[in-house]
There are 2 protein chains.
Amino acid sequence: MAAAIADVLGKRLTEGIVVVKYGHTLADPAATGPIEILEAGHPVPDQAGLRGAGRIVDLLRGATGRDLVLCLISGGGSALMTSPVPGVSLADLQTLTRVLLGCGATINEFNTVRKHISQLKGGQLARLASPATVVSLILSDVVGDPLDVIASGPTVPDPTTFADAWAVLTHYGVENEVPASITRHLAAGLDGTIPDTPKPGDPIFDRVQNVVVGSNRIAARAAAEEAQKLGFNTTLLTTFVEGEAREVGRLVAGLAKGLAREESVYRPADGRPQEVVRLSPPACLVLGGETTVTLRGDGKGGRNQEMALAAALSLAGWKGVLVACLATDGTDGPTDAAGAFADGTTIARATDLGLDAQAYLARNDAYHFFQKLDDLILTGPTKTNVNDLILVFAECVNP
Amino acid sequence: MAAAIADVLGKRLTEGIVVVKYGHTLADPAATGPIEILEAGHPVPDQAGLRGAGRIVDLLRGATGRDLVLCLISGGGSALMTSPVPGVSLADLQTLTRVLLGCGATINEFNTVRKHISQLKGGQLARLASPATVVSLILSDVVGDPLDVIASGPTVPDPTTFADAWAVLTHYGVENEVPASITRHLAAGLDGTIPDTPKPGDPIFDRVQNVVVGSNRIAARAAAEEAQKLGFNTTLLTTFVEGEAREVGRLVAGLAKGLAREESVYRPADGRPQEVVRLSPPACLVLGGETTVTLRGDGKGGRNQEMALAAALSLAGWKGVLVACLATDGTDGPTDAAGAFADGTTIARATDLGLDAQAYLARNDAYHFFQKLDDLILTGPTKTNVNDLILVFAECVNP
C-alpha cells in the first residue's frame with residue numbers, strides 16, 4: 001500500500017511513517033519514496049511498535065488545515081500501532097490483556113477498554129490529525145467490514161464511552177486487578193478531566209473519509225465475475241460465513257450437491273412457468289468469511305484445509321462437484337498453503353494411498369492429507385488478508 | 001397413505017396390512033377400507049411388530065403374477081416391519097443391536113448385517129411378492145432419498161452381500177458376541193445354502209417400481225414456489241443440509257446477511273454488464289435436510305429450534321432478515337413445536353424479558369426461549385416426516 005501511494009503521488013508526498021510486521025519491509029526501500037517503514041511485533045505489541053506509533057503521533061501533531069493525511073490501514077493495526085496514553089506502559093497493557101481475557105470479557109468489551117487508554121484508537125488518530133483532511137484507505141480483515149473494529153478504527157467515530165469501559169471492569173469485578181495507571185486514566189475520563197473518544201457526529205469527521213479499498217466482498221465479487229467469465233452460472237451467496245470449519249465444510253458440500261442435482265431448477269409436471277431463480281450447472285457459488293477451528297489434535301492445517309477435508313468426506317463418490325477453500329493471504333493457518341480442493345474423488349484417492357480421512361480430520365492434520373494428494377492450493381503469500389473464499393462448482397451430471 | 005389408497009382404488013383393493021406406531025391408527029377404521037391397520041413399537045421393535053410383519057410375509061406369499069402389490073413405505077419402517085429369518089428372535093436382534101452399536105460400527109454397517117437376517121429388508125419384500133407387479137410409494141425421511149436406506153429398502157436391490165455382513169462382525173471382532181442363531185444364518189448365506197438378498201440387475205426388479213411420493217425436495221420446491229408467489233425472488237439452494245444445528249444456524253444467518261446486503265447484485269463502476277445470478281431482496285432462500293444436536297444441557301428443544309436460536313444470536317441487530325427453521329412432521333425433537341423464527345429483533349426482545357440467549361443455547365433449551373418470545377412455529381403433527389426446511393428471507397433495507 002505504501003509503495004502504491006508513493007508511486008501514485010510521487011513528489012506530492014512529503015512525509016510518512018508505516019509500521020509493519022517484522023520481516024515485511026520491501027527489498028527496495030526506495031519503492032516507498034519518502035515513507036519510512038518501521039518494523040514491530042505482531043500479534044503481541046512490543047517497544048518497537050510503541051516507538052513507531054509515537055512517531056506517528058508526532059507527525060500528526062504537525063498537520064495543518066492545508067495537509068491531506070492518508071492513512072493506510074490493514075488488519076493487525078491494533079497491535080502494530082500501539083500508543084497507550086502517557087503513564088500507561090507496555091507491561092500495564094499486557095497485564096490488562098491478561099486480566100480481561102482471563103475473566104471472560106468478550107473481544108468487543110476488551111476493545112472498549114483498549115480504545116479508552118489509547119492515543120490513536122477509536123477515532124483519536126483523526127482528532128490528532130485535525131484540522132487536516134484525512135482519507136483512510138482500509139483493507140478489511142473483519143467479517144462484515146465494521147470500520148470501528150478494523151485496526152481499532154483510528155479514523156472512525158467510537159460509539160463507546162469511558163463509562164462503558166469502566167462498566168466492563170466492574171461487571172467482571174476486575175477493577176482492582178488492572179494496573180493503577182489504567183484505572184487512574186479511566187477515572188479521569190469518567191469525571192471529564194480528559195475528553196472521551198470522538199463520537200459519531202463529531203465535526204472532526206466532516207473532514208475524514210474512510211474508504212474500504214480491499215475486503216472480502218471485493219475479493220468475492222472479483223472471484224464471481226471471473227467464474228462467470230469462465231462460463232459458470234455464478235452467484236455470490238454471502239461474505240458472512242462464520243462457524244466451525246468442519247461444519248461449514250459439510251454444509252458447503254451440501255450446497256454443491258444441491259447445485260449438481262439442479263435442485264433450483266424445477267420443471268412442474270403441469271407446465272406452469274418456473275419462476276424461481278435458477279442456478280443451473282455449470283454453476284459456481286461464491287461464499288466468503290472466516291471460519292474457526294477448535295483444536296482437537298496436534299496435526300498441521302488451517303481453517304480452509306480443515307473445511308475442505310470435511311467437504312471431501314461429505315462429497316465422497318459424488319460426480320461433477322468441486323469445492324475450493326482458501327485464505328486470501330495465501331497462508332492458511334501455520335502452513336505454506338492457501339487452502340485445498342475437495343471433490344467426489346478425494347476420499348477414494350486417499351483410500352488408494354492408505355490415508356484415513358476421518359483420522360486426519362480428527363487430529364486437525366488436513367495439510368498432510370492434502371499434501372499427499374497434491375490437492376493443496378499453493379499461491380505463496382499474497383501479503384493482503386481479506387479473509388477466506390469458498391468456491392463451490394458443479395458441472396452438469398444427470399444423476 | 002392407506003386411507004388415500006383406499007379412497008382412490010375403492011373396490012379394486014382386495015386386501016392389505018399396514019403397521020403403524022402405537023396411537024397412529026385413524027379414528028375411523030372404515031377410512032382404510034379393506035386395509036387392516038396394526039400398531040407396533042417404534043423406534044424399538046416389539047412382538048406386535050414381528051406379528052404384523054409376519055402377516056405381511058404371509059400375504060405376499062399368496063401373490064400371483066396377476067396381482068398388483070402396492071407398498072406404502074415411510075421412515076420408521078425398519079423398526080415397524082421387523083421380520084427376522086426363522087430361528088432369530090427379537091431378543092437376538094436386540095443383542096445384535098447392542099453389540100454392533102457398542103463396538104463402533106456405522107449405521108451403514110449395522111444395516112448391512114440387519115438386511116442379511118431379515119425376510120423383508122434389502123429387496124426381499126419384492127422377491128417375496130414375485131411374480132406380482134410391485135409399486136412402492138415412498139415417503140423419504142433420509143437426506144438425498146437413498147432408496148436402499150429408507151425403511152431398509154424392502155423393494156430395492158441390495159448392493160451388500162452375506163460376505164459384507166460377515167466382514168462387519170469380524171472387522172470389529174464381535175463374531176463371538178452376537179447370538180449363535182445370527183452367526184449360523186450368516187454362515188449358511190456364506191456357503192450358499194440360502195440365497196443372498198436380491199442384487200441390482202436381478203430380473204425380479206423388472207416388475208418393481210419405486211416412486212418417491214414425498215421427500216424433502218418435493219416439500220422444499222413447494223415452499224420455494226409458494227415464496228415466489230408471495231413476491232420473493234426465490235431459489236432452492238439444497239436439500240442436503242447436514243451438520244451440527246447451531247453451526248448450521250450460524251451459517252444460515254450468514255446467508256441472510258448476504259441477501260440483505262444484496263451481495264449477489266454487483267454494479268461495476270465501469271458500467272460493464274452484470275452477468276452473475278442475482279438474488280435481490282425481497283428474496284427467499286430455501287434449504288432442506290436434517291441437522292443434529294450434540295446434547296450439552298438438559299433443556300427442552302429440537303434441532304430446528306436450536307438452529308433458530310443460533311441464527312438469532314448471529315442476526316442480532318440486523319434489519320429486514322428472518323430465518324424460519326422447521327420440522328415437516330410438526331414435531332421438532334421432543335416438543336410440540338415444529339421449529340422457530342429468528343430475526344434481528346429476537347435477541348433484543350429476549351433481553352427485554354431478562355432472557356440470556358447464550359445460556360438457553362448452552363443448555364439446549366431453545367423451546368423455552370422461543371416460547372417466552374411467542375416465536376415458536378406451532379403447526380401440530382402433520383403425520384408426514386420429510387425432514388426439515390430452512391427458509392431465509394430478506395427484504396430491501398439499504399445498509
Side-chain angles (χ1 to χ4, degrees), chain A residues 143-144 216-218 220-222 224-225 227-229 232-266 268 272 274-280 283-289 291 310 314 318 392 399, chain B residues 143-144 216-218 220-222 224-225 227-229 232-266 268 272 274-280 283-289 291 310 314 318 392 399:
Chain A
V143 169
N216 191 260
R217 186 181 294 186
I218 292 171
R221 282 182 164 163
E225 281 195 82
Q228 187 70 30
K229 273 185 212 155
F232 294 93
N233 299 313
T234 305
T235 196
L236 169 55
L237 278 184
T238 183
T239 62
F240 291 90
V241 169
E242 295 178 284
E244 183 71 23
R246 62 183 63 195
E247 296 290 333
V248 175
R250 216 170 152 190
L251 193 51
V252 163
L255 294 176
K257 294 174 186 175
L259 269 191
R261 288 283 169 87
E262 299 194 60
E263 295 197 309
S264 73
V265 183
Y266 184 37
R272 279 170 298 157
Q274 154 67 2
E275 302 278 348
V276 304
V277 177
R278 294 172 190 228
L279 298 165
S280 324
C284 174
L285 301 178
V286 179
L287 299 92
T291 61
S314 178
W318 279 71
V392 181
Chain B
V143 169
N216 190 258
R217 186 182 294 185
I218 292 170
R221 280 180 165 164
E225 281 195 82
Q228 186 72 30
K229 274 185 211 154
F232 294 93
N233 299 314
T234 306
T235 196
L236 169 54
L237 278 184
T238 183
T239 62
F240 291 89
V241 169
E242 294 179 283
E244 183 70 25
R246 63 183 62 194
E247 296 291 333
V248 175
R250 216 170 152 190
L251 193 51
V252 163
L255 293 176
K257 294 174 186 175
L259 269 191
R261 288 283 168 88
E262 298 194 62
E263 296 197 308
S264 73
V265 184
Y266 184 36
R272 279 169 299 157
Q274 153 68 2
E275 302 277 347
V276 304
V277 177
R278 294 174 189 227
L279 297 165
S280 325
C284 173
L285 301 178
V286 179
L287 299 91
T291 61
S314 178
W318 279 71
V392 182

Atom CZ in B/R278, atom CG in A/L236: separation rounded to 0.5 Å? 12.5 Å
Considering only heavy atoms from C-beta outward, does the side chain of A/T238 approach that of B/L259 to under 4.5 Å? no
Could you check whether any side-chain N or O of B/E247 sits under 3.5 Å from a backbone N or O of A/E244, counting only pairs where one atom can act as donor and the other as acceptor? yes
Would you say A/R221's side chain and B/E263's backbone share a donor-acceptor pair under 3.5 angstrom? yes
Are any non-hydrogen side-chain atoms of A/T235 and B/T235 less than 4.5 angstrom apart? no
Pick one: which of B/T291, B/V248, B/L255 meets side-chain contact (heavy atoms from CB on, under 4.5 Å) with A/L251? B/V248
From B/E242 CD over to A/K257 NZ, what is the distance, rounded to the nearest 0.5 angstrom? 5.5 Å
